[in-house]
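Remarks on the structure that follows.
In what follows, every heavy atom counts, from backbone to side chain, and hydrogens, waters and symmetry copies are set aside. In each ligand, atom 1 is the first atom listed, and ligand 1 is the first ligand listed.
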Amino acid sequence: MINNFKNLKNKNGDDVETVAVSKRSTTNEIMKVYDENHKNFGENRVKDLVVKYNKLPKDIRWHMIGHLQRNKVKDIIEFIHLIHSVDSFRLIDHINKLSIDKNIFTNILIQVKISNDDSKYGFLPEEVDIIFGNYISKNYKNIKILGLMGMATFSSNTSLIESEFSLLSRLYDKYSKVTPLKYLSMGMSGDYLLALKYNSNMIRIGSAIFN
Ligand SMILES: *Cc1c(COP(=O)(O)O)cnc(C)c1O
């Protein structure tokens, strides 16, 4: 139910944007949510993203939320609204270079590894300094860094999840003082209430919307 995810606020009282994660959903299922006046959808595979982009209304704002290979960036760069999953220096450099070639600006989030889980991608918290240093020195001319993204450990241990969200929230506050940021993307179906407690303002919800 998308309506459960409208007009949410975080602990600070800020509005929260919901990205409906449609990676397990058909275009018909997506259209039902779209018809409830929802425009933000997220996918984690380039191939699916391109197929759905081609089939569905052009005012959908597509979010790339899964690990992105450099050689696939070209397939989405001209229509993607926001890439949440920028997780390596080589990937940033490549997105920047392609954006310069195409004379466009690309909106990204920096994915930070806040979990010890081996399957999670992202920069180490201590690497984030280098990225913002480069950004401030205008080394990424055609990229706009709009914020941070992270995924907590998949666990029922709420204090572990809270400590991970708390870390990302502190990094967000820290780098917001360096450059204006807009989005702290954290929280999924199972843990978004905890994420809102740590002032997430963008949640990525799949199963709780589409099931
Ligand atoms: C699948 C996915 C989600 C949504 O997960 P649900 O548990 O279905 O809400 C959020 N973020 C990322 C990066 C995902 O891959």
Side-chain angles (χ1 to χ4, degrees), residues 1-6 8 10 16-30 32-34 36 38-53 60-69 72-73 76 80-88 91-92 95 107-125 145-158 160-162 164-165 167-169 171-172 183-211:
M1 271 297 288
I2 187 64
N3 287 328
N4 297 341
F5 295 97
K6 287 183 174 170
L8 290 177
N10 65 21
V16 175
E17 270 196 46
T18 299
V19 177
V21 176
S22 49
K23 65 189 182 195
R24 302 183 201 93
S25 306
T26 62
T27 50
N28 282 340
E29 290 165 333
I30 295 172
K32 283 191 194 137
V33 175
Y34 175 87
E36 302 272 335
H38 188 81
K39 297 278 152 60
N40 288 287
F41 291 87
E43 289 283 331
N44 66 341
R45 291 207 178 91
V46 166
K47 215 174 149 197
D48 299 341
L49 189 48
V50 170
V51 168
K52 288 170 179 172
Y53 167 75
I60 288 182
R61 293 188 287 265
W62 289 104
H63 296 248
M64 176 61 191
I65 64 169
H67 179 62
L68 176 58
Q69 288 171 325
K72 304 238 172 98
V73 173
I76 60 170
I80 200 75
H81 178 66
L82 179 62
I83 305 175
H84 293 227
S85 44
V86 176
D87 58 6
S88 74
L91 181 58
I92 300 194
I95 295 171
N107 295 327
I108 69 165
L109 304 180
I110 299 300
Q111 181 171 357
V112 184
K113 185 167 160 57
I114 52 174
S115 163
N116 287 326
D117 194 337
D118 280 343
S119 67
K120 302 274 192 291
Y121 291 97
F123 287 97
L124 300 175
I145 300 182
L146 298 189
L148 303 180
M149 180 273 220
M151 288 172 87
T153 305
F154 187 69
S155 161
S156 55
N157 179 348
T158 55
L160 174 65
I161 296 171
E162 289 200 35
E164 294 169 352
F165 285 158
L167 166 64
L168 193 60
S169 186
L171 289 172
Y172 182 76
Y183 296 121
L184 175 55
S185 167
M186 63 180 195
M188 320 189 347
S189 296
D191 58 18
Y192 76 93
L193 288 173
L194 294 174
L196 297 185
K197 226 170 123 177
Y198 292 91
N199 291 316
S200 165
N201 60 18
M202 182 168 263
I203 55 177
R204 307 176 309 270
I205 306 293
S207 47
I209 291 174
F210 287 98
N211 287 351

**Complete:** Rounding to 0.5 Å, atoms CG (Asp87) and CD1 (Ile92) come to a distance of 9.5 Å
Table of N or O contacts for ligand 1, cutoff 3.5 Å:
| from | atom 1 | to | atom 2 | distance (Å) |
| --- | --- | --- | --- | --- |
| ligand 1 | 8 (O) | Arg24 | NH1 | 3.2 |
| ligand 1 | 8 (O) | Ser207 | N | 2.8 |
| ligand 1 | 8 (O) | Ser207 | OG | 3.2 |
| ligand 1 | 9 (O) | Ser189 | N | 3.0 |
| ligand 1 | 9 (O) | Ser189 | OG | 2.5 |
| ligand 1 | 9 (O) | Gly206 | N | 2.8 |
| ligand 1 | 11 (N) | Arg204 | NE | 2.9 |
| ligand 1 | 15 (O) | Lys23 | NZ | 2.7 |

**Asked** Which value, rounded to the nearest 0.5 Å, describes the distance between Met1 atom CE and Ile205 atom CD1?
**Response** 14.0 Å
**Request:** Answer yes or no: is there a side-chain heavy-atom contact under 4.5 Å between Glu43 and Tyr53?
**Result:** no
**Asked** How long is the span from the CZ atom in Phe210 to the CZ atom in Arg24, to the nearest 0.5 Å?
**Response** 10.5 Å
**Prompt:** His81 vs His63 aromatic rings, parallel, tilted or perpendicular, using cut-offs 30° and 60°?
**Reply:** perpendicular
**Request:** For residues 196-211, pull every pair meeting salt bridge (Lys or Arg N to Asp or Glu O under 4.0 Å), keeping only residues two or more places apart or in separate chains.
**Result:** Glu162-Lys197
